[in-house]
Amino acid sequence: MTRAPLFKRVAVIGLGLIGGSLASAIRRQGLATVVVGTDTRQDELALGVELGVIDEIAANVQDAVSGADLVVLAVPVRATRAVLEQIQPWLPEGALLTDVGSTKSSFVADVEAVFGQLPPNVIPGHPIAGSEKSGIRAANPDLFANHKVILTPDEHSDKAGLERLKGLWEGCGATVLTMSVEYHDEVLAATSHLPHLIAFSLVDTLAGEDENMDIFRYAAGGFRDFTRIAASDPVMWHDIFLSNREAVLRVIDHFTHDLDQLRTAIADQDSATLMRVFSRAKAAREHFSKMLSGQAYVTNNAEKQVTFRLQPGGSISGDIRVPGDKSMSHRSIMLGALADGVTEVQGFLEGEDSLATLQAFRDMGVTIEGPENGFVRIHGVGINGLQAPRGPLYLGNSGTAMRLFAGLLAAQAFDSELTGDESLSKRPMGRVADPLRAMGARIDTAEGGRPPLKIHGGQPLTGIHYEMPVASAQVKSCLLLAGLYAEGSTSVTEPAPTRDHTERMLAGFGYHVHRDGATASVVGGGSLTASNIDVPADISSAAFFLVAASIAPGSDLTLRHVGMNPTRVGVINILKQMGANIEVLNEREIGGEPVADLRVRSADLKGIDIPEDQVPLAIDEFPVLFVAAACAEGRTVLRGAEELRVKESDRIQVMADGLAAVGVETTVTPDGIIIDGGQPIVGGKVDSHGDHRIAMSFAVASLRAQGEIEVTDCANVATSFPGFVELARQTGIHISSEGVE
Ligand code: S3P
């Protein structure tokens with residue numbers, strides 16, 4: 001496709017690796033009519049034309065800039081001011097000026113020195129791409145493809161110009177982010193400048209110690225990987241460190257302090273500190289490795305695009321165990337961290353939600369080994385042993401983590417901040433912040449009681465009695481956790497039974513929870529004793545297969561070791577009432593939680609009026625129950641389920657839209673839905689709105705579809721069900737997954 005060039009004449013001042021690569025990318029993509037280059041190094045310039053990097057040579061800056069509508073400064077950072085002085089008198093009215101330097105405060109300071117201010121048409125930029133190679137010979141038009149470019153406009157910047165500049169970088173294959181100058185410099189100091197400094201320093205130290213370079217001869221891959229960037233351009237890095245001096249000094253001090261701490265730990269043979277630091281670092285690296293492998297900078301989950309493609313039909317068979325229970329996995333880490341002693345967890349869910357909880361405790365100084373095949377060992381720090389985290393605790397997609405943490409952190413001596421992804425940032429937190437405030441907590445929320453939560457530490461809490469307006473296990477658990485620290489008794493009454501894992505697990509850790517009908521209470525001031533936990537398979541994940549095997553003809557599937565807590569079995573009760581053939585086998589109790597194996601075979605389902613008392617007991621399973629209803633004979637009516645509208649998505653509306661997209665019309669009501677079963681599922685394209693359970697539900701629907709179903713925005717399936725695609729395929733769903741997970 002040919003498109004009109006975005007710019008008429010782009011002048012690139014400085015034809016090194018970045019300037020040269022940008023010039024050649026602009027030319028290759030037809031983003032400008034003419035690309036003119038200039039450089040003080042005449043030989044590089046000549047090479048520029050010869051290699052096809054630029055169209056024309058300009059003899060000097062004045063010639064380059066005259067008539068240009070975009071000027072890109074790609075000179076070493078410390079040369080910026082002198083070049084700006086040369087450009088300033090000749091810069092045409094309305095032309096945009098940008099740069100590619102690694103430090104942005106210094107660029108803005110140089111512009112202000114030369115222009116008297118930062119003019120609206122000057123927009124600082126920084127492509128996060130490079131190589132240890134330098135010079136125009138290394139110019140590569142693909143250098144920016146799948147890389148980030150950061151632009152740092154301010155409120156006066158020319159909006160139209162900013163859009164054109166974004167378009168230019170996007171045309172070169174990059175993803176453009178905008179942020180403030182200060183934030184850019186802080187982030188880069190930590191993630192780029194410090195690692196380069198350490199690499200230079202390490203190689204220099206070893207080279208100094210080893211005149212004959214023997215160490216290097218024997219050095220293995222680890223050394224090579226770690227020090228690759230020490231071969232980068234010394235002049236460029238000299239300039240960067242001096243230009244971003246303040247931010248770099250701050251992060252060096254931080255690092256020196258931590259390195260010193262490790263030195264002391266080794267000198268003192270302090271295994272606990274070494275294990276804490278190494279296991280936290282390993283986990284953080286693994287957590288980020290997916291992000292790091294794809295692109296240099298990732299801001300949030302929206303970057304991960306995963307699409308499920310499903311071919312129609314199939315039947316379900318096999319003998320499987322789905323991953324561990326999400327609710328119990330969160331709580332096992334929380335209570336294990338606060339206990340005295342070492343807690344070992346089996347069956348931990350290695351999904352992003354529970355990993356976010358695990359990482360947050362590491363950030364508060366708790367040593368946690370694993371997870372490895374569902375095994376986690378937590379070295380509890382005691383109920384008052386948490387340390388202040390260094391930055392905000394990022395909880396991804398997890399509402400459970402955010403609400404339970406709110407209770408726990410409201411009672412700590414330190415301040416904390418809780419943040420999350422786009423979906424979590426829209427979810428109501430007033431339901432926990434309000435009763436916590438009544439206990440004496442100080443919590444700031446964003447508008448409408450949304451995240452982020454800023455929690456002020458050092459507030460003494462007093463127990464309250466709270467009648468919950470909604471049946472929420474998260475609110476109940478939040479208040480009970482705060483209650484561990486509160487003066488006196490904290491009691492919570494629920495309008496309908498909700499999952500009671502917090503109460504059961506607290507009891508397992510030796511903390512008395514009083515139960516009186518619908519009211520649970522704790523008295524503050526006690527302590528927790530470490531206790532091993534066996535997390536059963538998550539009934540909420542099993543639900544997809546319960547429905548799949550029920551609706552697909554010829555199915556026979558066994559699900560092992562499924563958690564059967566009576567506050568969670570709504571999905572089985574509802575499916576059985578619809579006529580499902582589910583056998584509950586081998587019932588047993590493990591670690592205070594009932595567990596069973598489930599055998600499910602195909603059945604002719606019929607529509608029902610879902611009893612309202614089952615709603616809290618099946619709260620997470622409705623998306624897939626809607627699929628069951630669509631495949632049933634007759635009408636299914638759900639009422640009293642308005643809570644579904646504030647889950648990871650508005651699950652009533654998003655399911656109704658998805659069902660309509662595959663050919664099934666429904667009637668949405670404020671607190672539920674009416675589904676007339678038996679309409680053909682013709683197939684089509686469904687937007688899951690980043691909601692894991694919506695995505696998996698439509699994978700199940702494909703079993704009864706007539707045509708292909710495509711489900712977009714599925715990356716969040718990893719929050720609750722890692723390995724879903726493989727397990728679904730293994731049992732008989734014709735699923736493939738495309739994109740970066
Ligand atoms: C959960 C409680 C439920 C549920 C969520 C997990 C928990 O939320 O939907 O997936 O672990 O306590 P609510 O308390 O908001 O109903």
Side-chain angles (χ1 to χ4, degrees), residues 323-335 348-349 351-354 356-357 395-408 420 423-424 426-435 449-451 466 468-482 492-506 520 533 535-536 538-544 563 565 567-571 593 612-625 640-652 671 691-694 696-697 716-717 719-721:
D325 187 274
K326 183 147 72 80
S327 295
M328 286 188 235
S329 295
H330 282 298
R331 288 156 171 86
S332 68
I333 301 291
M334 293 183 176
L335 299 193
F348 177 79
L349 169 67
E352 285 176 9
D353 275 12
S354 37
T357 288
L395 301 174
N397 193 245
S398 179
T400 305
M402 189 168 282
R403 295 197 178 118
L404 270 56
F405 270 120
L408 195 61
S423 148
L424 182 54
K426 290 187 198 140
R427 297 185 66 188
M429 293 297 147
R431 55 176 61 192
V432 290
D434 291 340
R450 316 278 159 195
Y466 190 63
M468 280 196 296
V470 285
S472 165
Q474 293 176 355
V475 175
K476 172 177 66 174
S477 304
C478 162
L479 298 181
L480 293 177
L481 289 175
V492 188
T493 302
E494 46 192 11
T498 66
R499 66 192 68 190
D500 61 359
H501 306 301
T502 305
E503 297 93 300
R504 286 177 189 248
M505 216 180 272
L506 277 171
I533 296 171
V535 179
D538 197 330
I539 190 166
S540 298
S541 298
F544 299 103
N565 183 308
T567 59
R568 297 285 299 280
V569 293
V571 63
E593 290 276 354
E612 277 193 44
D613 64 356
Q614 294 299 310
V615 170
L617 311 184
I619 191 71
D620 292 334
E621 287 67 73
F622 283 105
V624 79
L625 283 170
E642 52 277 85
E643 269 297 296
L644 291 180
R645 295 198 181 267
V646 289
K647 293 292 177 190
E648 285 84 328
S649 68
D650 174 346
R651 285 185 173 157
I652 296 177
D671 65 343
D691 185 328
H692 52 136
R693 301 204 194 278
I694 305 278
M696 291 185 276
S697 298
N716 280 337
V717 166
T719 60
S720 70
F721 203 147

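In listed order, ligands and their atoms are each counted from 1.
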Query raised in the report: Going by distance only, is there an N or O of Ser327 that falls short of 3.5 Å from an N or O of ligand 1?
Result: yes

Query raised in the report: Any idea which atoms of ligand 1 are less than 4.0 Å away from a heavy-atom of Thr400?
Result: 1 (C), 5 (C), 6 (C), 7 (C), 11 (O)

Query - Those atoms of ligand 1 less than 4.0 Å from some heavy atom in Ile619 - result: 9 (O)

Query raised in the report: Will you find, in the side chains of Lys476 and Thr498, an N or O donor that is under 3.5 Å from an N or O acceptor?
Result: yes

Query raised in the report: Which option out of Glu621, Arg693, Arg331 puts a heavy atom nearest to atom 12 (O) of ligand 1?
Result: Arg331

Query raised in the report: Do Thr502 and Ser477 meet the criterion of a side-chain donor-acceptor pair at a distance under 3.5 Å?
Result: yes

Report task. Can you see which heavy atom on Ile533 is nearest to which on Ser332, and at what distance? Result -> CD1-CB, 3.6 Å

Report summary line: Exactly one candidate in Ser398, Ser327, Ser720 meets side chain to side chain contact (heavy atoms under 4.5 Å, CB included) with Asp353; the answer is Ser398

Query raised in the report: Quick one: nearest non-hydrogen protein atom to atom 14 (O) of ligand 1, plus distance?
Result: Ser472 OG, 2.6 Å

**Report entry** Contact check: Ala473 vs ligand 1, nitrogen or oxygen atoms, below 3.5 angstrom
**Finding:** yes

Query - Result of checking Arg651, Lys426, Arg427, Lys647 against Asp691 for salt bridge (Lys or Arg N to Asp or Glu O under 4.0 Å) - result: Arg651

Requested in this report: Starting from atom 10 (O) of ligand 1, locate the nearest protein heavy atom and write down its residue, its atom name and how far away it is, to 0.1 Å.
Outcome: Asp620 OD2, 2.7 Å

Requested in this report: Output the list of atoms in ligand 1 that are nearer than 4.0 Å to some heavy atom of Arg403, sorted by atom number.
Outcome: 15 (O)

Query raised in the report: Are Val475 and Val432 close enough, and set up right, to give a side-chain contact (heavy atoms from CB on, under 4.5 Å), and what steps lead you there?
Result: CA-CA 6 Å; Val475 175; Val432 290; 4.1 Å; yes

Report summary line: Quick look: His501 vs ligand 1, heavy-atom contacts under 4.0 Å, and the answer is neither

**Report entry** Min side-chain heavy-atom separation Met696-Val624 under 4.5 Å
**Finding:** no

**Report entry** Nearest-neighbour protein heavy atom for atom 2 (C) of ligand 1, which is reported as residue plus atom name and distance
**Finding:** Gln474 CG, 3.5 Å

Query raised in the report: Can you tell me the protein heavy atom closest to atom 16 (O) of ligand 1 and the distance?
Result: Lys647 NZ, 3.1 Å

Report summary line: ring pair (Phe, Tyr, Trp, His ring centres under 6.0 Å) filter on Phe544, not counting sequence neighbours, yields none

